[in-house]
Each structure stands twice: as structure tokens, then as C-alpha cells.
Number of protein chains: 2
Amino acid sequence: MEKNKKRMKMMTLDQMKDKDIGEIGTQERDKYEFDLKMEVLGDMIKSVRKQRNLTQEQLGELIGVQKSQISKLERNTKNVTVETILKVFKALKANVRFSVEMNESEFKVA
Amino acid sequence: MEKNKKRMKMMTLDQMKDKDIGEIGTQERDKYEFDLKMEVLGDMIKSVRKQRNLTQEQLGELIGVQKSQISKLERNTKNVTVETILKVFKALKANVRFSVEMNESEFKVA
DNA sequence: AAAAATGTTGAATTATATGGAAACATTATC
DNA sequence: GATAATGTTTCCATATAATTCAACATTTTT
């Protein structure tokens, strides 16, 4: 993260900003937050796809699935598999970063 | 990413370092890379759990699953669901970050 | 405003992730 | 090195993610 000055535009979601993860909320709150993240994930797919100027059908072809599947990935606030995420963004030639951080430590995963 | 100078230790995996995602490899290569990421993900769980000084059984209790399930998540190079990832790291009070970046743009998801 | 292109939805199917139980293996503790 | 604690594996059930097809809806183009 030192020399990562690659001048990037950041589209940070307000709702997604750092929050006290220590304080566990109610179950509804948890579900809400999960749905939010899933929704955002779908938005990301759509957003990147648009930037690549691809239709759902075209993206589907790249991956090997129907356009309906892409639509679902973009709109459904359902759960998703890591494999699916990687598959989609790979087709979109986008780099997926997944990291976990604790107090003082951060662990890069991909 | 500007004022993210929160002094963090980074455990970067050599194998995981930035690579040309534009150049799509063979299918075996793809699978290899996917397995790698899954393996690393498992390692992360284990690593954070250890830092929290928890046994698999204890972590399991926090989440509400058997220790065998934790073991599987840590060792299995299988696919995993986003919900599961979040659930585990939430129990570990660790913050999960997931982002997607293209050429010039980065999109924060969580 | 028709026609064509693109996106959405629902129902059904298939594949597979989640999970428990118990037996086994490994590692720590005495 | 026996005992206890921790982690692993296998077999199995259940839930649900991935996917298709086809009809429908929306948006874009002409």
C-alpha cells in the first residue's frame, strides 16, 4: 500500500464507510447490512460492465451463461459465491481485491 | 486511500502480488489461481483466529457451527459464499474489505 | 409509434456450499 | 508415553447458489 499511488478514482459508498465492527447489531441490522453489500456488489458488476460497453448478453457470452443470469447477479440481493465474483470480474478484466484487517494488522488475500 | 495511514502491518502473499489480469491464462491456470485464492482465504481465517487465541471449537461456538465446519473453511480449497466469509470474520471482529478496480477506477464495495 | 435491442422475472433443474456427527489424527500437557 | 485438547476427514442431509428457458418489460433506434 506504500507506492500504490496509481491515481485511482474512488467511488466510495457513504453507507459503507468504516463502522465499529465490534458492536454487533440486531439481527435485522445484520441482514440489512448484508443486503446492502450484496446490492452494492451487483451495482459494481453493472457499473463495470457499462464501462466496458458490454450488454448483459455479451458479458454472459464471455463467461458462458445466459443474459438472465447476469441480470440476476446485478439485481438480486442474494448471496453469491467467491468463484462467481471472480469469474465475472475476470471477464470484465477488473481486478478484485479482497482483504481482511484487524486492529493493527491487515492481511491481503487477493 | 489518501489518509489511510493507520499504520498497518501487511501480510502480503508473494503469489498474490499484482499480475496482469488482462492476459487470460489456460483453464488449468485459472483453476490453479482460483484454488490459490481459496487457499489463502482459508489461511486468513486460521491466521486471524490464532491471533484471537481461539480454537476452532470456540470460533464455531461464536458462529454457531461445529468445529469441523471451521476446519473445512480453513483447509478446504472449495468455493465459499460471501455470507460465510462475512459471518466468520465478523465473529473474529475483523474487517473485510472487498473492492474492484479497473484501469483508472476503483470501486469500493465493502 | 413500430421495431429491435436490451434487461427482468418466474418456474424449474442441477450443482454444490453449508452443516452435523462421529471416528480418526495430530499436537500439547502431564 | 498416556491423557487431554485440538484439528481433520468422511459420510450424509439439507439448503440454496447457479443456471436455463421463455415470456414479459423497458429502453433505444429508426
Side-chain angles (χ1 to χ4, degrees), chain A residues 27 30-92 94 96 98 100 109-110, chain B residues 27 30-92 94 96 98 100 109-110:
Chain A
Q27 204 157 14
D30 284 3
K31 170 141 183 27
Y32 170 74
E33 284 181 2
F34 176 70
D35 285 350
L36 238 189
K37 286 181 186 179
M38 284 303 96
E39 198 179 283
V40 170
L41 179 59
D43 287 349
M44 288 307 95
I45 296 175
K46 182 172 188 171
S47 176
V48 177
R49 174 175 65 79
K50 283 286 176 61
Q51 278 181 67
R52 295 301 193 200
N53 264 303
L54 294 172
T55 67
Q56 291 183 343
E57 191 161 35
Q58 291 171 322
L59 174 55
E61 273 163 27
L62 284 176
I63 302 173
V65 301
Q66 283 321 92
K67 59 181 179 167
S68 59
Q69 176 62 3
I70 303 296
S71 175
K72 280 168 188 168
L73 292 174
E74 285 182 0
R75 320 199 81 248
N76 264 19
T77 59
K78 304 281 286 313
N79 202 359
V80 185
T81 269
V82 172
E83 186 171 28
T84 298
I85 295 174
L86 295 177
K87 190 165 51 173
V88 171
F89 286 112
K90 176 161 210 166
L92 290 169
V96 171
F98 179 74
V100 178
V109 170
Chain B
Q27 204 158 14
D30 285 1
K31 172 140 181 26
Y32 170 74
E33 284 181 1
F34 175 71
D35 286 350
L36 237 189
K37 286 182 184 175
M38 285 302 95
E39 196 180 288
V40 170
L41 180 59
D43 287 349
M44 288 307 95
I45 296 175
K46 182 172 190 172
S47 176
V48 177
R49 173 174 66 79
K50 283 285 177 64
Q51 277 180 70
R52 294 300 191 201
N53 263 303
L54 294 171
T55 67
Q56 291 183 339
E57 191 160 35
Q58 291 171 321
L59 175 55
E61 274 162 25
L62 285 176
I63 301 174
V65 300
Q66 287 311 98
K67 58 179 179 168
S68 59
Q69 179 62 6
I70 304 296
S71 176
K72 283 168 191 169
L73 293 174
E74 286 182 0
R75 321 202 79 249
N76 261 23
T77 59
K78 302 282 286 313
N79 201 358
V80 185
T81 269
V82 171
E83 186 170 30
T84 299
I85 295 175
L86 295 177
K87 189 164 54 173
V88 170
F89 286 112
K90 175 162 210 165
L92 290 169
V96 171
F98 178 75
V100 177
V109 170

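Because the structure is a prediction, the values reported are computed rather than measured. Chain letters run A, B, ... following the sequence lines, proteins first, then strands; residues in each count from 1.
- A donor-acceptor pair is defined here as one N or O able to donate and one able to accept, closer than 3.5 Å; no such pair exists between the side chain of B:Gln69 and the backbone of B:Gln66.
- When all heavy atoms of A:Ala94 and A:Val48 are compared, the closest pair comes out as CB-CG1, 4.3 Å.
- Each end of the helix from C:dA1-D:dT30 to C:dC30-D:dG1 yields a helix axis from five base pairs, and these two axes differ in direction by 60° (to the nearest 10 degrees).
- For the atom pair B:Asn76 CG and B:Leu41 CG, the distance stands at 11.5 Å (nearest 0.5 Å).
- Summarising the geometry, atom CD1 belonging to A:Ile63 is positioned 12.0 Å from atom NZ belonging to A:Lys90; distances are rounded to the nearest 0.5 Å.
- The two residues A:Arg52 and A:Leu92 make their nearest non-hydrogen contact at NE-O, 2.9 Å.
- One interatomic measurement links the two molecules: CG of A:Leu59 to C1' of D:dT19, which rounds to 14 Å at whole-angstrom precision.
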For the pair A:Phe98 and A:Ile85, evaluate side chain to side chain contact (heavy atoms under 4.5 Å, CB included) and give the outcome as yes or no after the intermediate values.
CA-CA 11 Å; A:Phe98 179 74; A:Ile85 295 174; over 6 Å; no
Sequence-aligned protein contact record of nucleotides 3-19 of chain C, with B where the base is within under 4.0 Å of a protein heavy atom and S where only the sugar-phosphate is
---SBBBBB-----SSB
Applying side chain to side chain contact (heavy atoms under 4.5 Å, CB included) to A:Leu54 and A:Leu62, what does each step give before you reach the verdict?
CA-CA 10 Å; A:Leu54 294 172; A:Leu62 284 176; 3.9 Å; yes
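- Heavy-atom minimum distance, A:Met38 versus B:Val82: CE-CG1, 3.3 Å.
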